[in-house]
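Down below is the structure, laid out as structure tokens.
The figures here come from the full heavy-atom set of this structure, side chains too, leaving out hydrogens, waters and symmetry mates. Keep in mind it's a predicted model, so treat the numbers as computed, not measured. Numbers restart at 1 for each chain; the letters A, B, ... are given by sequence-line order, proteins then strands.
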Amino acid sequence: MEPSKVPAPFLKPYNPTEQEPQMLELWEKSGYANPDVCVEKGVTKPDAEAYSIVLPPPNVTGTLHMGHAAMLAIEDILIRYHRMRGYKTLWLPGTDSAAIATQSKVETDIYKAEKKTRHDLGREELLRRIGEFTEESKATIINQTKKMGSSLDWSRYAYTMDEKRYAAVMEAFVRMYEAGLIYRGDRIVNWDPKLQTTVSDDEIERVEETTPFYYFQYGPFVIGTVRPETKFGDKYLVVHPDDARYKEYTHGQKIDLEWINGPITATVIKDEAANMEVGSGAMTITPAHSGIDFEIATRHGLDIERVIDDRGILLPIAGEFAGQHIKKARPLIVEKLKNKGLLVKIDEKYTNNLATNGRGGGVIEPQIKRQWFIAVNKEIAFPDGKKMTLKERMREAVDSKQTEIMPERFDKVYRHWIDNLRDWCISRQIWFGHRIPAWFKGDEVKVSITSPGEGWTQDEDTLDTWFSSGLWTFSTLGWPEETADLKTYHPTAVLETGYDILFFWVARMILMSTFLRGEVPFKKVYLHGLVRDGQGRKMSKSLGNIIDPLTMVEKYGADAARLSLIIGASMGNDVKLSEDRVRGYKHFANKIWNIARFVLENQHDSGAAPSTLQSKVDGRLIEADKVLIVEAQKVAEEVSADIDKFRLDLAADAIYHFVWDRFAAEIIEQSKEILKGDDKRASASRSRALHEILLISLKLLHPFMPFVTEAVWQQLPKKDLPAGRQGVDLLMVAPWPTGGQTG
RNA sequence: GCGCGCUUAGCUCAGUUGGUUAGAGCAUCUCAUUUACACUGAGAGGGUCGGGGGUUCGAAUCCCUCAGCGCGCACCA
């Protein structure tokens, strides 16, 4: 064959850096990521079944990491596959404001540069600065997302703080309040003294610390504690009713004893919350700073006195220690008790799980606060007429298989979480976020989106960021308006995300969607693992083992980066990634390129390419070649079945082996003889067969490696563009080898 | 304390209702070839499938048990 028949770009090795931007431009110009355009151009039938995924929105102020890259690769594979199969396919992009994280980052930056706190700036100015910051940084994450080849419909882009989403959040709050699901109450909450806000139970991260465990003489009792600084107000001694050691004491009995700041009168309380196994079995309680103690106190109508203020400073009840920070006061208090002869012993090696704010905050101090809560155990009426509690509804969603969690083992984790779920504290004392639509005038409270009138002031607090995230599958589709998008694409087909946010997000979307829409937010939940380094360690700055997805894209191409995150990553398990693996898949991209080059160089009749339509085998092919095509179609079926089962790793592996070991190494090698041979019919037939196998391979590979396959496709002289289709001929919308929607 | 997961070649992992001689990639070694592609091809070595016990004609796969690693939740006076 004359070399001139081979298009110019094929004369060089595959160069992702050169090809990728061109492919991105082609895709973007085509508009095919938008399902409306696909229908308009005849790519998708107007009545085709919908397939939708809402992208878990990355933090606006963040940069793309390997976890994002894995998520984008998985979702893009599902999306491209379904688009090629003819579904009305929507992948909806967005970004998240990440309220606490963003505000604390901006506050820190401002303090470093100007030595000013948010109170120096005021609410309005701080929000303006945060707005500037998010505006600047959002371009970064959006650009990086595009570079991975993600075929997202940017015309539907949503941001958690944009006008429409803000309105949806307000609407949701009001509806839930009116249904009696949202209430305001004084309860023990997790208070972060550093960020000066409450945080939810799920946001708490336990950090193991070794700390002394002190035993003190408390009248006739010995009590144990790791927190002597809370003990000033302790005037109740709690033992288990069945504890034989204390049976001589009766419930309510008064005992005079010497304590930290002098003589006090303690009251004996018998309550089953006391654990006979721990320490001496006797404890004193601090109801204002402990959830369990608060419950005990409430149960018996005991006094509740605050000991520690919002910043962690001891209150006047601490006597001579008042005004000191709890951390500094602790050893001094122990010293004083020791001097008074009340220190019995110290167990130095006690392992304590310290509660901290997982979002970069401080050590949690339980405090009693008036906050907004969502009642999870209250029976209410759902839009579809069902009467049950939120907890029950969240269980029902998975029991009934309306939502299926994959891998299955996370189903149990989800149920376990629901069992332990308590009312969700949704108010936060930060400024950046959706402001609570509640208004106060004296003792009166009104909930409404706009001010009820003269003299009413709005609640200063904002909502937990997961409140708005919970609405995400439908707020992005136009809710509360009953839009066409909402009707077509909700419930979404799949929610694909990391297993680490199963509780934060997945469970809350189910909660919100079932209540506000009476339907589940997604039919399936697919949870992927964490991306770790080659040795299985978490990637972190301090270890210096971070593999940056964009560096990998620059060095080896986006296709290689994507494939390295898919092959070998079985469902729900962590992925171990090393640069060597990425490099290996770059070789594969080049292999594809060269296969195409060989096939094109050996086209006998470039004017009449084979039909290549699924299950129809070209009549001009000789028997041996028909067998080859059937074999390729079998691979297509296998790949499709694997994708349908969410076994993307197996699908990618199957097509990888077919293309390299079978197509390149065997079929093409054998073909060299045939093509050079004297049997014209055999040689023409083989030439057509190779072309057809190439087309099938490109299609099967495209969801996994969109760039190199599209680049090759664009060089092919003639493809199987279906009749009636307008616009650019892109592999992105070429028909899938096993056929349309119903398979 | 309750629950979940993992343990298969030097490394990373497949092996979905039990069924020939347990597979792949990377790495290692040997050979070939200037080729569609050296970002290549052919081949080799490498495994008592974590230990023990059981069910079965048959177990990497099912059951019991032990060990190591990892994770979640709860407790935390």
Side-chain angles (χ1 to χ4, degrees), chain A residues 1 3 6 10-15 201-202 204 206 208 211 213-216 218 221-228 230-231 234 237-239 273-275 277-286 290-293 296 350-355 407-417 419-421 499-500 502-503 529-530 532 534-536 538 556-557 560 564 567-578 580-581 583-602 642 645 647 649-650 653-654 656-657 660-661 664-666 668-669 671-672 690:
Chain A
M1 298 297 101
V6 177
F10 272 125
L11 298 175
K12 293 178 282 180
Y14 177 61
N15 181 359
D201 294 343
D202 293 294
I204 289 184
R206 303 280 176 168
E208 215 171 73
T211 181
F213 189 90
Y214 307 95
Y215 289 91
F216 298 118
Y218 188 81
F221 306 97
V222 172
I223 57 155
T225 184
V226 287
R227 301 200 60 195
T230 63
K231 296 288 154 205
D234 290 12
L237 186 282
V238 183
V239 292
N275 187 341
E277 313 289 313
V278 178
S280 60
M283 65 174 176
T284 59
I285 56 168
T286 314
S290 154
I292 290 215
D293 294 3
I296 296 172
Y350 182 77
T351 309
N352 186 43
N353 293 319
L354 192 66
E408 211 185 337
R409 66 170 190 273
F410 286 106
D411 188 284
K412 281 180 207 146
V413 181
Y414 170 82
R415 287 167 201 278
H416 190 240
W417 178 82
D419 292 342
N420 289 301
L421 183 64
Y499 62 70
D500 50 334
L502 176 62
F503 308 143
L530 270 39
R532 298 172 175 277
Q535 283 116 63
K538 238 181 188 162
Y556 309 109
S564 70
I567 295 189
S570 58
M571 207 192 276
N573 292 326
D574 293 352
V575 190
K576 294 189 183 85
L577 183 75
S578 62
D580 279 344
R581 285 191 48 197
R583 190 182 298 120
Y585 293 119
K586 183 192 176 178
H587 298 176
F588 182 53
N590 190 57
K591 192 78 189 174
I592 296 165
W593 188 253
N594 280 295
I595 288 170
R597 180 170 156 189
F598 178 86
V599 172
L600 285 189
E601 273 177 6
N602 291 287
D642 285 337
K645 282 184 289 184
R647 290 307 306 264
D649 55 327
L650 299 182
D653 200 56
Y656 178 93
H657 281 107
W660 199 315
D661 300 334
E666 292 174 9
I668 287 186
E669 288 305 320
S671 301
K672 288 177 182 170
L690 289 179

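Salt bridge present: A:Asp411 and A:Arg415 bring a charged side-chain N and a carboxylate O closer than 4.0 Å.
Atom pair A:Tyr556:OH and B:rC26:C1' shows a separation of 14 Å (rounding to whole Å applied). The nearest whole Å value for the distance from the CG atom in A:Asp653 to the P atom in B:rA24 is 11 Å. Between the P atom of B:rU16 and the CD atom of A:Glu408 lies a distance of 16 Å, rounded to the nearest Å. Summarising the geometry, the separation between NZ on A:Lys586 and C1' on B:rC26 is reported as 18 Å, rounded to the nearest angstrom. Whole-Å rounding puts the A:Asn594 CG to B:rA36 P distance at 10 Å. Put simply, CZ on A:Phe503 is 12 Å from C1' on B:rA74, counting in whole angstrom units. The nearest whole Å value for the distance from the CG atom in A:Asp419 to the P atom in B:rC4 is 13 Å. A straight line from CD1 of A:Ile595 to C1' of B:rG41 spans 14 Å, rounded to a whole angstrom.
Among the heavy atoms of the strands, none lies under 4.0 Å from A:Leu502. Within 4.0 Å of A:Asn353, counting heavy atoms only, lies at least one base atom of the nucleic acid. The residue A:Asn275 sits close to a base: some heavy atom pair falls under 4.0 Å. As judged by a 4.0 angstrom heavy-atom cut-off over every strand, A:Val226 is placed among residues touching the sugar-phosphate backbone only. Residue A:Ala664 is classed as a base contact, given a heavy-atom separation below 4.0 Å to a base. Counting non-hydrogen atoms under 4.0 angstrom, A:Ile285 reaches nothing in the nucleic acid.
Closest to the A:Arg409 side chain, of the nucleotides B:rG5, B:rG25, B:rC75, is B:rG5. The side chain of A:Arg647 has B:rG15 as its nearest neighbour among B:rG15, B:rA24, B:rC75. Closest to the side chain of A:Pro13, out of B:rC73, B:rC39, B:rA36, is B:rC39. The nucleotide whose nearest atom lies closest to any side-chain atom of A:Glu601 is, among B:rC73, B:rA36, B:rU12, B:rA36. Closest to the side chain of A:Ala665, out of B:rA36, B:rC4, B:rG41, is B:rG41.
Between A:Tyr656 and A:Asp649, the residue anchored closer to the 5' end of RNA chain B is A:Asp649, taking for each the nucleotide with the nearest heavy atom. When each of A:Lys645 and A:Asp202 is assigned the nucleotide of RNA chain B bearing its nearest heavy atom, the one mapping closer to the 5' terminus is A:Lys645.
Nucleotide B:rA22 forms a pair with no other nucleotide shown, judged by Watson-Crick or G-U wobble geometry with both contacts under 3.5 Å. The nucleotide B:rG43 finds its pairing partner in B:rC29, both defining distances of the Watson-Crick or G-U wobble pair being shorter than 3.5 Å. B:rA14: no Watson-Crick or G-U partner with both key distances under 3.5 Å is found in any strand. Nucleotide B:rC73 is matched to B:rG1 when pairs are restricted to Watson-Crick or G-U wobble geometry with both distances under 3.5 angstrom. Look at B:rC6: its Watson-Crick or wobble partner, with both distances under 3.5 angstrom, is B:rG68.
For the side-chain hydrogen bond (donor to acceptor under 3.5 Å, both in side chains) test with A:Thr284, the passing option among A:Asp293, A:Thr230, A:Asp234 is A:Asp234; the others fail.
With contacts defined as side-chain heavy-atom distances shorter than 4.5 Å, the pair A:Ile567/A:Tyr585 qualifies.
A:Asn420 places a side-chain N or O within 3.5 Å of a backbone atom of A:His416 that can act as its donor or acceptor partner. No donor-acceptor pair closer than 3.5 Å links the side chain of A:Asp642 to the backbone N or O of A:Arg647. For the pair A:His657 (side chain) and A:Asp653 (backbone), a donor-acceptor distance under 3.5 Å is present.
B:rC13 and B:rA60 are spaced 14 Å apart, taking the C1' atom of each and rounding to whole Å. Between the C1' atoms of B:rU48 and B:rA32, the separation comes to 37 Å (whole Å). For the C1' atoms, the distance linking B:rA14 with B:rG23 amounts to 7 Å, nearest Å. Separating the C1' atom of B:rC71 from that of B:rC63 is a span of 25 Å, rounded to the nearest Å.
Residue-to-nucleotide contacts include a donor-acceptor pair under 3.5 Å from the side chain of A:Glu669 to the base of B:rA36.
Between A:Trp660 and B:rU40, a side-chain N or O to OP1/OP2 separation shorter than 4.0 Å is absent. For B:rU33, neither phosphate oxygen OP1 nor OP2 lies less than 4.0 angstrom from any side-chain nitrogen or oxygen of A:Lys672.
Ring geometry for A:Phe588 versus A:Tyr656: interplanar angle of 30 to 60°, hence tilted.
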